[in-house]
Amino acid sequence: MKIVTCLSKIGILAIFAAIAGGCFVSATESKPIPVVFDTDIGTDIDDTWALAYLLNCPELDLKMVLTSSGDTTYRAKIAAKFLEIADRADVVVAVGAGEGSGSNFQEPWVEDYELQQYSGKVESEGVRAFVDMVNASETPVTVIAVGILPSLQEALELDPGIAKKIRFYGMHGSIDRGYGDKPSAEANVKYDVPAFRAVLNSDFISKEITPLDTCGQVVLSGKGYQKLRQSSLPTLQALFENYEIWAKLVTWMDVNEAFVKRQSSTLFDLVAVYMAFDHSFLEFETVPIRVTDDGFTVRDFDGTPVDAAMRWKDLDAFYDHVTQRLLGH
């Protein structure tokens, strides 16, 4: 039934995507895919890279940025200021679920910025606004989630029925490979296991993840990276301004000036954005997983099946694609 449903939407050529990667919605559809970006932007810099990339993907129609975990108002300020610079104040900024504290490694960029300055719409009750948006949408909504998932967990508790109108793409987990060669307790799962379990066990139309097996390999460098650094595009200038601020404040790794000039940090979140409209550079596998109490996502025959991007077909081609998109090509 799953494959038949997909066929009616994406045609015969998507059979293999439907088998290996769930009900994938092709970027060849006539209308852009409505997207909510669920993010903990402002802790790791890769969320800011992912937002810049998303805004340069015409296949995706960004409707809302939903901030999650920690100081969600701080995160919303980063998103709002960045959207303003990108001339995308049509995007709703929704302040989601969080505990009001966190690792605010991009704070200096927004220390003089208030959410009231955003010329677009700000929703202080972001989870409620997200639920209302999904219910009001005439078509399924794609959620690209690249952080801890308390906002989605709360939304599902408010209205479990929204699950049947959502396609989920997440940067979560570690199956065969983690931060090293062995599986790891990936941060977006480890720091809120109940939230990830709630999402994993939901009745979403489809669920796809990029675990560390694939997203943990993504680092931009070389000539393409230098073109990005030297670009005069306002969004890229804002991105690298944030990167330089983050590099001075981040605590879990040593990022000096030479490092920033040479390469990006690991850009985990870009892969989740890419998966929402294309699978060409990735190999997928349907993996039944169980989430342990300490945040490992382990293979388990009795676990919950999820479509996972397990291997790269062509990582260099992905780098070229991302670079061109960020340059506005």
Side-chain angles (χ1 to χ4, degrees), residues 37-57 62 65-86 93 98 101-111 113 144-148 170-172 179 186-188 190-191 210 212 214-222 224-231 233-274 318-319 322-323 325-327:
F37 186 53
D38 183 353
T39 176
D40 57 355
I41 193 169
T43 296
D44 198 344
I45 191 63
D46 61 331
D47 295 68
T48 309
W49 280 85
L51 179 57
Y53 170 56
L54 198 165
L55 292 170
N56 280 283
C57 291
L62 182 60
V65 174
L66 175 63
T67 59
S68 295
S69 83
D71 187 346
T72 51
T73 298
Y74 152 74
R75 302 191 192 287
K77 287 165 63 176
I78 295 175
K81 184 177 179 180
F82 199 91
L83 289 166
E84 202 90 65
I85 290 170
V93 174
S101 62
S103 301
N104 298 359
F105 298 136
Q106 293 164 241
E107 182 73 50
W109 196 65
V110 290
E111 60 186 357
Y113 185 86
I144 301 173
V146 294
I148 303 167
M171 190 267 105
H172 296 90
Y179 296 112
E186 188 272 317
N188 290 343
K190 176 182 178 180
Y191 292 116
T210 170
L212 294 175
T214 44
C215 67
Q217 301 178 48
V218 178
V219 177
L220 288 175
S221 61
Y225 179 74
Q226 296 307 321
K227 287 181 180 179
L228 296 174
R229 287 191 67 243
Q230 295 161 13
S231 172
L233 290 173
T235 51
L236 286 176
Q237 291 186 335
L239 172 61
F240 279 96
E241 185 179 350
N242 273 279
Y243 186 21
E244 290 169 6
I245 290 170
W246 175 86
K248 294 175 182 177
L249 298 177
V250 66
T251 55
W252 66 77
M253 60 185 291
D254 182 16
V255 188
N256 57 30
E257 185 177 350
F259 184 99
V260 172
K261 289 181 178 179
R262 182 176 68 250
Q263 67 180 72
S264 72
S265 59
T266 305
L267 302 180
F268 308 93
D269 297 345
L270 290 181
V271 187
V273 176
Y274 169 71
F318 177 70
Y319 288 149
V322 168
T323 301
R325 287 296 177 90
L326 287 169
L327 289 170

For [X], I'd like to know if atom [atom1] has over 12 heavy atoms of other residues, nucleotides or ligands within 6.0 Å.
X    : atom1 : value
K190 : NZ    : no
E257 : CD    : no
Y191 : OH    : no

How many angstroms lie between [atom1] in [X] and [atom2] in [Y], if you round to the nearest 0.5 Å?
X    : Y    : atom1 : atom2 : result
T48  : I41  : OG1   : CD1   : 3.5 Å
L326 : N56  : CG    : CG    : 6.0 Å
Q217 : T266 : CD    : OG1   : 10.0 Å
N104 : D71  : CG    : CG    : 5.0 Å
L83  : L55  : CG    : CG    : 6.0 Å
L51  : L270 : CG    : CG    : 11.0 Å

Plane angle bin for W109 and F82 - parallel if under 30°, tilted between 30 and 60°, otherwise perpendicular: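 Because their plane-to-plane angle lies in the 30° to 60° range, the rings of F82 and W109 count as tilted.
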Any non-hydrogen side-chain atom of [X] less than 4.5 Å from a side-chain atom of [Y]?
X    : Y    : result
Y113 : E84  : yes
V219 : Y225 : no
F268 : D44  : yes

Between [X] and [Y], is there a donor-acceptor pair closer than 3.5 Å when you use the side chain of the first and the backbone of the second?
X    : Y    : result
D269 : M171 : no
S231 : K227 : no
T67  : T72  : yes
S264 : L220 : yes
Y243 : S265 : yes
H172 : A187 : no

Over all heavy atoms of both residues, which pair between [X] and [Y] is shortest? Give the atoms and the distance, please.
X    : Y    : answer
Y319 : V218 : OH-CA, 3.6 Å
I245 : Q106 : CG2-CA, 4.1 Å
A272 : T210 : N-CG2, 3.7 Å
A86  : T235 : CB-CG2, 3.5 Å
T323 : G224 : CG2-O, 3.7 Å
E107 : Y74  : OE1-CD1, 3.3 Å

Derivation and outcome, side-chain contact (heavy atoms from CB on, under 4.5 Å), residues Y274 and R325: CA-CA 11 Å; Y274 169 71; R325 287 296 177 90; over 6 Å; no
W49 and its side-chain contact (heavy atoms from CB on, under 4.5 Å) partner, picked from N242, L228, V273: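 Of N242, L228, V273, side-chain contact (heavy atoms from CB on, under 4.5 Å) with W49 is met by L228 alone.
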Pair F105-I45, side-chain contact (heavy atoms from CB on, under 4.5 Å): steps then yes or no: CA-CA 8 Å; F105 298 136; I45 191 63; over 6 Å; no
Donor-acceptor side-chain pairing of D47 and T39 below 3.5 angstrom: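 Side chains of D47 and T39: pair found under 3.5 Å.
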Donor-acceptor side-chain pairing of R75 and T43 below 3.5 angstrom: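 Judged by distance alone, the side chains do pair up.
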